[in-house]
Every structure is written in C-alpha cells, then in structure tokens.
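This report refers to the structure that appears directly beneath it.
Counting starts at 1 for both ligands and their atoms, following the listed order.
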Amino acid sequence: MNISSVGVIGLGYIGLPTAAILADHGVTTIGMDVSARNVAAVNKGEVPFVEPGLREVLERAVSSGTLTATTQTPKADAYIVAVPTPFTDTHSADLSYIEAAADGIAAEITGGELIILESTSPPGATEHMAQRILAARPDLSAADILVAHCPERVLPGKIMEEMITNDRIIGGLTPEAAEAARDLYSSFCEGEFLLTDARTAEMAKLTENSFRDVNIAFANELSVISHKLGIDVWELIELANHHPRVNILQPGPGVGGHCIAVDPWFIVDAAPEEANLIRTARQTNDAKPEWVLGRIEQALETAGDSPAVALLGLAFKANIDDLRESPSLHIAEKLAERAPGAQLLAVEPHIQELPESLAQHSNVRLSDLDEALERADVVVLLVDHQVFKELPASRLGDATVIDTRGIWR
Ligand code: SAJ
C-alpha cells in the first residue's frame, strides 16, 4: 500500500522517538498526544524526557516540517498506537488507553488504513482494538482495515540506536496487514522483519521481558542467600558465569521500569493456573526492595541520633531520569515514612526536583553528591549511574555502605 502520512498516537518514551525517526526518514508524520504541554514542547523541537540522541533527530524533523504534533487524532494513511498499558490493582492489563486511541482512529478513517499497535499488550489486545474500531464504524468491515501488532523492544537509554538496528516481530491479524506494516517499518528499520500472527507477536514481547524477569529474580534470590551465608554475590556470579553455558544476570534493589516489572503479569493474568514460575519471579523481584529496607534499618540502629542517609540514585536503572516503577524510589519513600528521625539526602543527578511522593516528607531532600557524602552516616547505593561508578571508595569515608549494585567491591 502507498503510505504518505503516519499518525503516531501517544508521544511518550516510544511514540516520540518513533515519530521523530519516521519523520527524519522523510515520512510525513503527525504525532498525537492528549497532553497539550507535550504537544507544545514537541512542536518546538523540545524533548519532555531524557533520551540520548533524541533531541537532535526531533529538532531536525520539526524544523524540516515532516513532523508536527497535535492533541487531536489526525487523518492519516497509517497509524502507530504507542500508548501506555498499565496494570490494574489485580494485575490485569488496563486497555483503556488503547481503547481511547481506537475510538479516536475510528472517527477519522475512511477505509484502507493500516493500524499498528505497538504498546506492549496481553494476548488478544490487537483483536480487541480492531473490534473496537469496527464496532464504532459499522459502515466498514474487517477487510477494510489492516491491523497488526509490532511490539517495541528498544532499551530506554539506547532507543535511538535500537529503534533502527533491532529486529522487529510483526504480527498481523492477516498476512496482508503484517506485510503492510513491514513495508512501513522498512522506511527506517535496518533489522530483520519476523512476520507472524498478532497473538504470537503479543506473547513474544511478554516472553522476552519475562525471560529477563525470571533471570533477574534468580540473581536477586542468590544475593539474599549469599548475604546470609557471608558470600560476595557478585564474585559468585562472576565465577559461575565462566561456565560456558551459564550467564546469570545482576542482582539489584529490585526490578523497575514500565516493562519488565509489568509485562510478566499479563502472562500470569492470561494463564493463572499455569504461570507459576513467572509469578514467583515477579514476587521475588517485588520483595527485594523490602529486603534492602531491612538492611538500611539495621544500619540505622547503630548510627546514632538523627543520622544522615545518602540515597544514591532514584531512577529505575542507570543513566536515565525515568522513575517509573522504580525500586529505588520505593525504598526512599518507605524509608522516609519509617525513619522519621533520619535525614534522607537523595542524590539523583538526572532530575531537578523530587517527585511529590518524596517531596511531601520533611525528612527528605534532593542533595548534591558532595554534600550527601560529606554528611552521610549511611550510604545506600541504589542505582549504578556512571557518576557513582566513578567515585573512588575513599570518598565514602567512615559511613556504613549498603551497595545494592555491587559497584564498590
Ligand atoms: N536489572 C537488574 N539486573 C540486571 C538487569 C536489569 O536488576 O541484570 C533491573 C534494572 O535495574 C531495571 C530493570 O531490571 O530496574 C529493567 O531494566 P532493563 O535494562 O533490563 O530493561 P528495561 O525495562 O529498561 O527494558 C526492557 C528491555 N527488554 C529486554 O531486555 C528483554 C527492552 O528491550 C524492552 O523494549 C523494554 O523492556 C520494554 O519496553 O518492554
């Protein structure tokens, strides 16, 4: 099919880079977001979050006129839906953002459009989106639209590179839809295209992240066991990984982000009786922040009155500003509640102000690294940001150190 314009619905961590890259490759792209603030920022070529390399591409796309942003769903030949799929309190997927995107698209299409769902979704969500569009448009039939799922698999922090080089799984509701989606992505993607059906594509994405989650849970469980047995877990893993068929991941303060900490629940929700290992891994990783808190509280018992605690890092992983589902942030919030007598000095070089969940506590403030290290009785390393990795161990002074990432061994 001939695609001369693409509407990207949702200008977040995935939608915005996708829109910018598409436009930078000469495709007329209209980005849509419900946030008027985000839309205004994008139209000025400004990036509302930190992602290396994005600003340059966005500025180029906006100034050349191939990318514009709007708060209304545009008319376009193809749509890419990149909206959030959070989970509910019962760990099932909340499809309301996909449904809202579908409603907006349904009002604009005339037949013949390609509609791609990129949001990570539970099995059946692409069919659900198509049904929702067709229910709103009884004048159209299933044969009038091409619908596919093409999950994004880029790593935050490396999005601009991986969006071009990663292989892409494309699951069509029909083979024609998968082929049309492949043709669109081939305008910028240099990876291999792997065509399948929508349900398998949905499950493939969830499987990739569950694979990571299960393996990180193994590392986290090993770290708790090793602590009990007086063994350095990082040395242990390094040694075991010398075996040609062993490749253990790294323990940390827990698993965060909007992907690995969420997606496995969609599998558990789809097959609750069967997904036992996947559920246990989620629970193991979710329990890790509490274990770290226990260690901090233990250190505080001997730290005297009004101790100062330096919390190094709030982001969910290294070298980004993303606090979503961050175990480090969770640890800071809980500690603020549970240790009111302690002064918490949060060091997060990638943010300018504390999120409200922390700012509301009078015993927490955002601090610079030098001051935090100078004052701290207890130093807790939560995120392996480069700037912390470069710290010589001598800078830690006499403070009790709890290093959840093993950078100062
Ligand atoms: N983590 C560990 N130990 C490790 C690796 C990671 O504790 O050995 C923690 C991190 O600190 C972080 C969390 O896991 O809290 C997730 O970090 P990550 O870097 O492994 O992954 P994400 O969530 O940033 O991105 C993942 C990627 N998926 C896979 O690697 C299979 C990415 O490719 C996906 O596109 C992304 O999820 C997504 O959007 O689903």
Side-chain angles (χ1 to χ4, degrees), residues 10 12-18 49-52 82-87 93 117-122 149-163 165-169 191 201-224 233-234 237-238 240-241 247-267 278 281-282 284-289 291-292 312-331 381-385 388-389 403-407:
Y13 288 85
I14 299 303
L16 184 55
T18 305
F49 51 85
V50 174
E51 182 58 44
V83 295
T85 37
F87 60 59
L117 178 62
E118 272 211 20
S119 311
T120 303
S121 302
H149 181 55
C150 183
E152 61 77 14
R153 296 143 93 204
V154 288
L155 194 73
K158 276 191 166 180
I159 291 180
M160 300 311 280
E161 183 188 322
E162 290 204 359
M163 199 161 276
T165 57
N166 280 4
D167 296 344
R168 300 234 39 167
I169 297 176
E202 287 158 347
M203 191 62 183
K205 168 65 196 253
L206 303 179
T207 298
E208 291 163 9
N209 281 350
S210 298
F211 171 85
R212 291 282 281 183
D213 201 41
V214 168
N215 283 281
I216 298 168
F218 181 64
N220 276 333
E221 185 162 296
L222 279 179
S223 78
V224 174
V233 70
W234 287 279
I237 290 175
E238 206 174 293
N241 281 350
N247 186 12
I248 304 168
L249 295 178
Q250 296 298 304
V255 168
H258 186 61
C259 314
I260 295 183
V262 176
D263 301 355
W265 286 121
F266 296 171
I267 299 182
I278 296 172
R282 241 347 14 260
T284 301
N285 286 332
D286 272 355
K288 193 71 192 293
W291 183 80
V292 174
L312 304 193
L314 294 175
F316 86 82
K317 66 173 190 175
N319 307 323
I320 57 169
D321 67 339
D322 194 340
L323 305 184
R324 291 181 298 173
E325 320 285 336
S326 169
S328 313
L329 178 62
H330 177 79
I331 288 167
L381 187 281
L382 293 169
V383 187
D384 44 346
H385 287 318
F388 302 148
K389 280 172 126 173
D403 176 0
T404 70
R405 302 273 184 175
I407 70 171

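Taking every heavy atom of Cys259 and a limit of under 4.0 angstrom, the matching atoms of ligand 1 come to 23 (O), 36 (C), 37 (O), 38 (C), 39 (O), 40 (O). Of all the atoms in ligand 1, the ones that sit under 4.0 Å from a non-hydrogen atom of Leu249 are 8 (O). Atom numbering of ligand 1 starts at 1 in the shown order; those under 4.0 Å from a heavy atom of Ile216 are 1 (N), 2 (C), 3 (N), 4 (C), 5 (C), 6 (C), 7 (O), 14 (O). Interface of Arg153 with ligand 1, defined as ligand atoms under 4.0 Å from a residue heavy atom, comprises 32 (C), 33 (O), 34 (C), 35 (O). For ligand 1, the atoms closer than 4.0 angstrom to any heavy atom of Pro156 are 24 (O), 25 (O). Contact atoms of ligand 1 toward Val154: 32 (C), 33 (O), 34 (C), 35 (O), 36 (C) (distance under 4.0 Å to a heavy atom of the residue). Contact atoms of ligand 1 toward Leu155: 19 (O), 21 (O), 24 (O), 25 (O), 27 (C), 32 (C) (distance under 4.0 Å to a heavy atom of the residue).
Counting only heavy atoms of the protein, atom 11 (O) of ligand 1 lies nearest to Arg405 NH1, 2.8 Å. For atom 30 (O) of ligand 1, the closest non-hydrogen atom of the protein is Arg212 NE, 3.7 Å. Annotation: atom 12 (C) of ligand 1 to nearest protein heavy atom, Phe316 O, 3.4 Å. Among protein heavy atoms, atom 21 (O) of ligand 1 sits closest to Ile260 CD1, 3.5 Å. Nearest non-hydrogen protein atom to atom 39 (O) of ligand 1 is Glu152 OE2, 2.6 Å. With respect to atom 13 (C) of ligand 1, the closest heavy atom belonging to the protein is Gly256 O, 3.6 Å.
Contact annotation: Gly257 has no heavy atom less than 4.0 Å from any atom of ligand 1.
Comparing heavy-atom distances from atom 4 (C) of ligand 1 across Lys158, Lys205, Glu325, Gln250 singles out Gln250 as nearest. Of the candidates Asp213, Asp384, Asn209, it is Asn209 that places a heavy atom closest to atom 26 (C) of ligand 1.
Using a 4.5 Å heavy-atom threshold, the side chains of Asn241 and Asn247 count as touching. Contact annotation: the side chain of Arg153 approaches that of Lys205 to within less than 4.5 Å [non-hydrogen atoms, C-beta and beyond].
By the side chain to side chain contact (heavy atoms under 4.5 Å, CB included) test, Asp322 pairs with Tyr13, Phe316, Ile320, Arg324, sequence neighbours left out. The side chain to side chain donor-acceptor pair (under 3.5 Å) search around Asn285 returns Asp213, Asn220, not counting sequence neighbours.
Of the N and O atoms on the side chains of Thr404 and Lys288, not one donor lies less than 3.5 Å from an acceptor on the other residue.
When all heavy atoms are compared, the tightest approach of Pro122 to Leu206 is CA-CD1, 4.1 Å.
A distance-only check finds a donor-acceptor pair linking the side chain of Lys317 to the backbone of Pro156 [under 3.5 Å]. Listed for the Glu51 side chain is a donor-acceptor partner under 3.5 Å among the backbone atoms of Ile159. Of the possible polar contacts, one joining the Ser326 side chain to the Ala315 backbone as a donor-acceptor pair under 3.5 Å is found. Between the His385 side chain and the Ala318 main chain, no donor and acceptor come within less than 3.5 Å of each other.
Between Glu162 and ligand 1, not a single N/O pair is under 3.5 Å apart. The distance criterion of under 3.5 Å between nitrogen or oxygen atoms is not met by Glu208 with respect to ligand 1. Taking only nitrogen or oxygen atoms, main chain and side chain alike, Lys317 reaches within less than 3.5 Å of ligand 1.
Once rounded to the nearest 0.5 Å, the distance linking OG1 of Thr85 with CD of Glu118 reads 11.5 Å.
Counting non-hydrogen atoms of other residues, nucleotides and ligands closer than 6.0 Å to CZ of Phe218 gives a total of 12 or fewer.
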